[in-house]
Protein chains: 2
Amino acid sequence: MQDLLFDFISKYVTLTKDEMNDITSLDIFRTLKKGTILLKEGQKSKDEYFVLKGCIRKYYIIDGEEKTTAFFTEMEALTPHCAINNEPSEYFISCVEDTTLTVANIDLGVDLFIKIPKFQIMCSILSTEILAKQQINFDEFKTSSPEQRYLNLLQKRPDLIQRVPQHQLASYLGIKAESLSRLKARIFEKIKK
Amino acid sequence: MQDLLFDFISKYVTLTKDEMNDITSLDIFRTLKKGTILLKEGQKSKDEYFVLKGCIRKYYIIDGEEKTTAFFTEMEALTPHCAINNEPSEYFISCVEDTTLTVANIDLGVDLFIKIPKFQIMCSILSTEILAKQQINFDEFKTSSPEQRYLNLLQKRPDLIQRVPQHQLASYLGIKAESLSRLKARIFEKIKK
DNA sequence: TACAATCGTTAACTTAAGTTAAGAATTGAG
DNA sequence: CTCAATTCTTAACTTAAGTTAACGATTGTA
């Protein structure tokens with residue numbers, strides 16, 4: 001399982017055997033059951049997550065309703081806002097499936113930067129990449145209808161539609177579960193003709 | 001006008017007189033007329049912008065229609081996607097008002113990093129800040145209705161509503177201009193009661 | 001100043017999302 | 001295996017956004 005992490009890292013920087021051992025000895029790998037809550041609203045935590053296998057989701061509870069705003073699957077990283085600003089979290093993070101991930105305290109990350117300076121390079125590349133992706137996602141979301149968003153998701157992350165409960169997917173698309181059902185039926189009608 | 005830039009920088013790092021002179025001598029300040037187009041779809045450019053006074057907007061043309069996805073006002077920076085990936089731009093950038101900004105080639109930015117290493121620190125702080133803001137904005141957008149988005153904007157960026165054409169504001173809120181007019185009338189009705 | 005273009009609003013009508021409720025299918029726990 | 005909870009879909013109705021068109025106000029330009 002750790003190999004998944006090292007394969008990922010190797011795309012950005014080359015680690016020595018010693019450095020890999022340093023990382024392994026940190027004991028940051030966790031396997032969690034579906035439904036496990038990693039972070040709750042109001043909670044302070046400095047943990048960052050990197051998904052190796054499985055899927056986690058970020059959601060708000062607004063007026064008693066869950067609003068899912070993001071999913072993170074294999075090789076995706078999530079640094080909760082509260083880990084940066086040290087304020088109580090405004091959202092929840094939980095496992096959509098049984099999930100294996102790394103849980104790294106953000107301060108421990110800083111230690112690593114000292115021990116393995118090339119990690120800084122990787123992180124600055126990664127954060128640029130994530131920001132760019134984020135901006136494109138936001139633009140696409142703003143400029144398209146729920147139906148277009150669904151079709152777009154079908155192209156870009158077809159796996160998500162299969163592995164995620166539909167009511168979570170609906171709020172991820174900015175609509176209600178009932179609307180998603182109708183929307184899918186509508187699309188299916190069009191294809192049939 | 002340059003003082004605005006140095007005031008901004010001073011929040012992150014302290015520059016010496018020499019360093020300030022280095023920056024001034026780069027001749028990166030531009031004042032542009034309302035309506036000036038900084039970047040067109042399909043164009044390749046390595047320029048990054050930092051608004052000192054005025055307002056610029058980023059928009060797509062989709063099926064012949066302008067879709068505005070972002071505004072940048074005083075002390076906000078915009079690095080177009082094409083400046084990073086060196087692909088033709090997918091969107092336009094133009095001046096909403098007469099605008100003074102810095103235009104810096106991204107390669108020139110790299111030179112600066114070598115000449116003034118502390119700029120790297122500032123940039124990594126800035127990119128973390130921007131990513132965090134971006135994520136919160138996206139979450140707010142996803143979890144709220146057009147009406148809530150408008151009310152939210154009224155709280156957070158009341159100036160935008162005044163200085164920006166309503167049809168541009170509408171697409172920024174993810175709706176059509178006519179819907180924005182109705183939405184405002186609706187809100188006004190509620191307040192009147 | 002005069003004329004054209006752009007802009008903002010209103011109205012009537014269409015389409016799709018929100019709401020409420022119900023029921024079938026699936027999942028999970030005991 | 002069984003029962004309860006969760007999930008997904010469908011339906012009927014409401015609300016709001018999209019569409020098309022018109023019109024007055026504002027802006028920019030010749």
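In what follows, every heavy atom counts, from backbone to side chain, and hydrogens, waters and symmetry copies are set aside.
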Residues which pass ring-ring contact (aromatic ring centres under 6.0 Å, His included) with A:F6, listed by chain and number, not counting sequence neighbours: none

Mutual orientation of the aromatic rings belonging to B:F141 and A:F141 [parallel < 30°, tilted 30-60°, perpendicular > 60°]: perpendicular

Check DNA chain C against residues 59-73 of chain B and give the residues with a non-hydrogen atom under 4.0 Å, in numerical order. none

So, do B:L183 and B:F188 sit near enough that their side-chain heavy atoms are less than 4.5 Å apart? no

With a 6.0 Å cut-off (strictly less than), is the heavy-atom count around CD of A:Q2, excluding the residue itself, greater than 12? yes

Selection from C:dG18, D:dA16, D:dT19 that lies nearest to any side-chain heavy atom of B:K176: D:dT19

Under the side-chain hydrogen bond (donor to acceptor under 3.5 Å, both in side chains) test, which residues partner B:E48, sequence neighbours left out? B:T79

Distances for protein N/O vs nucleotides 28-30 of chain C N/O pairs under 3.5 angstrom?
from: C:dG28; atom 1: OP1; to: A:K34; atom 2: NZ; distance (Å): 3.1

For residues 177-184 of chain A, which residues have at least one heavy atom under 4.0 Å from DNA chain D? A:E178, A:S181, A:R182, A:K184

Can you sort out which residues in residues 157-170 of chain B have a heavy atom within less than 4.0 Å of DNA chain C? Ascending by number, please. B:P165, B:Q166, B:H167

Excluding sequence neighbours, so at least two apart, what forms side-chain hydrogen bond (donor to acceptor under 3.5 Å, both in side chains) with A:S145? A:Q148

Polar pairs (N or O, both sides) under 3.5 Å between protein and nucleotides 3-5 of chain C?
none

Numerically ordered, the residues 137-152 of chain A set in heavy-atom contact under 4.0 Å with DNA chain C is A:P146

Donor-acceptor pairs under 3.5 Å, side chain of residues 34-41 of chain B to any protein atom, not counting sequence neighbours: which ones?
from: B:T36; atom 1: OG1; to: B:K33; atom 2: N; distance (Å): 3.4
from: B:T36; atom 1: OG1; to: B:K33; atom 2: O; distance (Å): 2.5

Centroid-centroid under 6.0 Å between A:F71 and A:Y172 rings: yes

Nucleic acid contacts of residues 90-98 of chain B, taken as heavy-atom distances under 4.0 Å to DNA chain C: none

Would you say the rings of A:F72 and A:F50 are close, in the sense that their centroids are separated by under 6.0 Å? no

Applying side-chain hydrogen bond (donor to acceptor under 3.5 Å, both in side chains), name anything that partners A:S181, two or more places apart in sequence or on another chain. none

Would you say the side chains of A:Y60 and B:E140 form a donor-acceptor pair under 3.5 Å? no

